[in-house]
Amino acid sequence: MISFNNSDILRAVTFENMLIAMEAAILANETQQTRTPPRTHINVEKNTLLMMPCFGKKYFSVKLVSVFPDNASKNIPIIFGTVMLNDRNTGQPLAMLDGKTITALRTGAIGGLSVKYLSPVSLENIGIIGTGIQGLYQTLFACHVRKYVKNIYLFNRSAGKLEWFAKQFKLYFPHIQLHFVDSSATVLENAQLIITATTAANPLLPDSTELLKGKHFLAVGSYKPDMRELPDALFSLTQQVYVDTFHAIEESGDLAIPIEKGLLKTEQISTLAHHIEQQILPSDEQQTTLFKSVGLAVFDLFAAALIYEKALEQGIGQQIVL
């Protein structure tokens, strides 16, 4: 078995590799080419353990993820995780991979696909609320997909997180200007694409149709029914809401609560897979669009398989004897 840490994974794959793999994963899930049992949530007070298995044609994987929101105040990551990749036919363990990095990459790539298929090609200004590792990779993939981005507007309550984000982001896109702002309203006033990547229990954005209209929203933070990043007013502006999986309807308060309030109907929700299958690309018309991602184990499986195969080609990773 081979172990892959953060550095190994980032050396093994590219943004483009991961986008292609996640597009394949979305389509495989839509056409039921994989078997993905429901994820297991174990909640202990405000902390969560997630177990996410998936079986494909060649491999199967299991990801264990811990989410401890209070870690932010301790200056350690909120999310830790491990992905195990096994041979589908024999069960033999093949690889153990850093789950935090896989989660960041695959979630960033899924978000990048939503930007590719739903946001204007001429996109120049991006707004980020939540500048942890998820916010970083969402932004990196968005900038990879949209080549005309000039400005990033950042809002986070922690100044340290802003500085960390800026340092990491500039390694990839030194020419794009970063602007630290003091409110989510300022983010809305300046950006065409709004990315939310927090563990907030209540909406982070102003409940104002004037500020919300004509933008693409990419929400990745809420993964439980009592967590919510998006305000009520947004759902009066969107005729169609896109998701990575229909499990988002039950798992995320960003959808469950508006449905309960009668602000959103389930028939207004569809998967991004339809756009991908039909290769429906966005126009530059000013529309209000929303993509909500909660993640799915099939994304971890395809990401882990990609990393494993690319790393083997390059001789990356450390052998483990069990």
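This is a predicted model, so every value here is computed, not measured.
Here the side chain of Asn190 pairs a donor or acceptor atom with the backbone of Thr186 at under 3.5 angstrom. The main-chain N or O of Thr48 is never found under 3.5 Å from a side-chain atom of Asn43 such that the two would form a donor-acceptor pair. Judged purely by atom type and a 3.5 angstrom limit, Glu229 uses its side chain to pair as donor or acceptor with the backbone of Gly221. A donor-acceptor pair under 3.5 Å is absent between the side-chain atoms of Glu30 and the main chain of Ala273, judged by distance alone. Although no hydrogens or angles enter the test, the distance criterion places no donor-acceptor pair under 3.5 Å between the side chain of Lys63 and the main chain of Cys54. Within the 3.5 Å criterion, the main-chain N or O of Asn125 finds no donor-acceptor partner in the side chain of Asn151. With hydrogens and angles ignored, the 3.5 Å screen pairs no side-chain donor or acceptor of Ser119 with any backbone N or O of His216. Side chain of Lys215 to main chain of Leu188: a donor-acceptor pair is present (N/O by atom type, distance under 3.5 Å, no hydrogens or angles). Under the 3.5 Å distance criterion, the side-chain polar atoms of Asn71 are left unmatched by any main-chain donor or acceptor of Ile76. For Gln268 (side chain) and Lys265 (main-chain N/O), a donor-acceptor pair under 3.5 Å exists by modelled atom type.
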Practice prompt. Please lay out, stage by stage, how Arg146 and Glu124 fare under the test salt bridge (Lys or Arg N to Asp or Glu O under 4.0 Å).
Written response: CA-CA 8 Å; Arg146 288 289 175 257; Glu124 293 185 353; over 6 Å; no
Fill in: Criterion side-chain hydrogen bond (donor to acceptor under 3.5 Å, both in side chains) on Asn6 and Thr101, from CA distance to verdict
CA-CA 6 Å; Asn6 170 270; Thr101 306; 2.9 Å; yes
Item to complete: Go through the steps to decide whether Gln278 and Tyr117 satisfy the test side-chain hydrogen bond (donor to acceptor under 3.5 Å, both in side chains), and finish with yes or no.
Response: CA-CA 10 Å; Gln278 303 297 319; Tyr117 286 100; over 6 Å; no
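Closest of all the heavy-atom pairs between Lys224 and Ser222 is O-OG, 3.5 Å. Closest approach of Gly214 to Thr288, counting heavy atoms only: N-OG1, 2.6 Å. Between Ala297 and Pro53 the shortest heavy-atom distance is CB-O, 3.2 Å. Taking both residues in full, the closest heavy atoms of Arg106 and Ala303 are given as CB-CB, 4.1 Å, listed atom of the first, atom of the second, then distance. Residues Ile128 and Val187 approach most closely at N-CG1, 4.1 Å, considering heavy atoms.
Put simply, the side chain of Thr82 reaches to within 4.5 Å of the side chain of Met96, judged on heavy atoms. Between Val67 and Tyr223, some side-chain heavy-atom pair lies under the 4.5 Å cut-off. Between Pro258 and Leu230 there is no side-chain heavy-atom pair separated by less than 4.5 Å. Residues Thr271 and Asp244 have side chains not in contact (no heavy-atom distance under 4.5 Å, counting atoms from C-beta outward).
Linking Ile, Leu, Val, Met, Phe, Trp and Tyr whenever their side-chain heavy atoms come within less than 4.5 Å puts Leu105 and Leu272 in one cluster. Under the 4.5 Å side-chain heavy-atom criterion for Ile, Leu, Val, Met, Phe, Trp and Tyr, Met227 and Ile257 are members of distinct hydrophobic clusters. Residues Leu85 and Met51 do not share a hydrophobic cluster, clusters being chains of Ile/Leu/Val/Met/Phe/Trp/Tyr side chains in contact below 4.5 Å. Under the 4.5 Å side-chain heavy-atom criterion for Ile, Leu, Val, Met, Phe, Trp and Tyr, Phe246 and Val294 are members of distinct hydrophobic clusters. Taking hydrophobic clusters as Ile, Leu, Val, Met, Phe, Trp and Tyr residues chained together by side-chain heavy-atom distances below 4.5 Å, Phe4 does not share a cluster with Leu64.
Qualifying ring pair (Phe, Tyr, Trp, His ring centres under 6.0 Å) partners for Tyr242, counting only residues two or more places apart in sequence or in other chains: His275.
The 12-atom threshold is exceeded at NZ of Lys147, counting heavy atoms of other residues, nucleotides or ligands nearer than 6.0 Å. The neighbour count for Glu260 CD, taken as heavy atoms of other residues, nucleotides or ligands under 6.0 Å away, does not exceed 12.
Judged by distance alone, the side chains of Asp70 and Ser73 never bring a donor and an acceptor atom under 3.5 Å apart. Between the side chains of Gln177 and Tyr153, not a single donor N or O lies within less than 3.5 Å of an accepting N or O. In this structure, a donor-acceptor pair under 3.5 Å is present between the side chains of Thr31 and Gln33.
Applying the salt bridge (Lys or Arg N to Asp or Glu O under 4.0 Å) rule to pairs touching residues 301-322 yields Lys58-Glu309, sequence neighbours excluded.
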Show me the donor-acceptor pairs, under 3.5 Å and distance only, between side chains in residues 130-142 and residues at least two apart or in other chains.
| unit_1 | atom_1 | unit_2 | atom_2 | d |
| --- | --- | --- | --- | --- |
| Thr131 | OG1 | Asn156 | ND2 | 2.9 |
| Gln138 | NE2 | Thr107 | O | 2.8 |
| Thr139 | OG1 | Gly135 | O | 2.6 |

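Note: Leu205 CG to Asp232 CG = 12.0 Å, rounded to the nearest 0.5 Å. Rounding to the nearest 0.5 angstrom, the gap separating the CD1 atom in Ile259 from the CG atom in Leu264 is 5.0 Å. Annotation: the span from Ile9 atom CD1 to Ile307 atom CD1 amounts to 4.5 Å, rounded to 0.5 Å. A distance of 7.5 Å separates OG in Ser293 from CG in Leu218, rounded to the nearest 0.5 Å. Once rounded to the nearest 0.5 Å, the distance linking CD of Gln319 with CE of Met1 reads 9.5 Å. To the nearest 0.5 angstrom, Leu118 atom CG is 12.0 Å from Leu123 atom CG.
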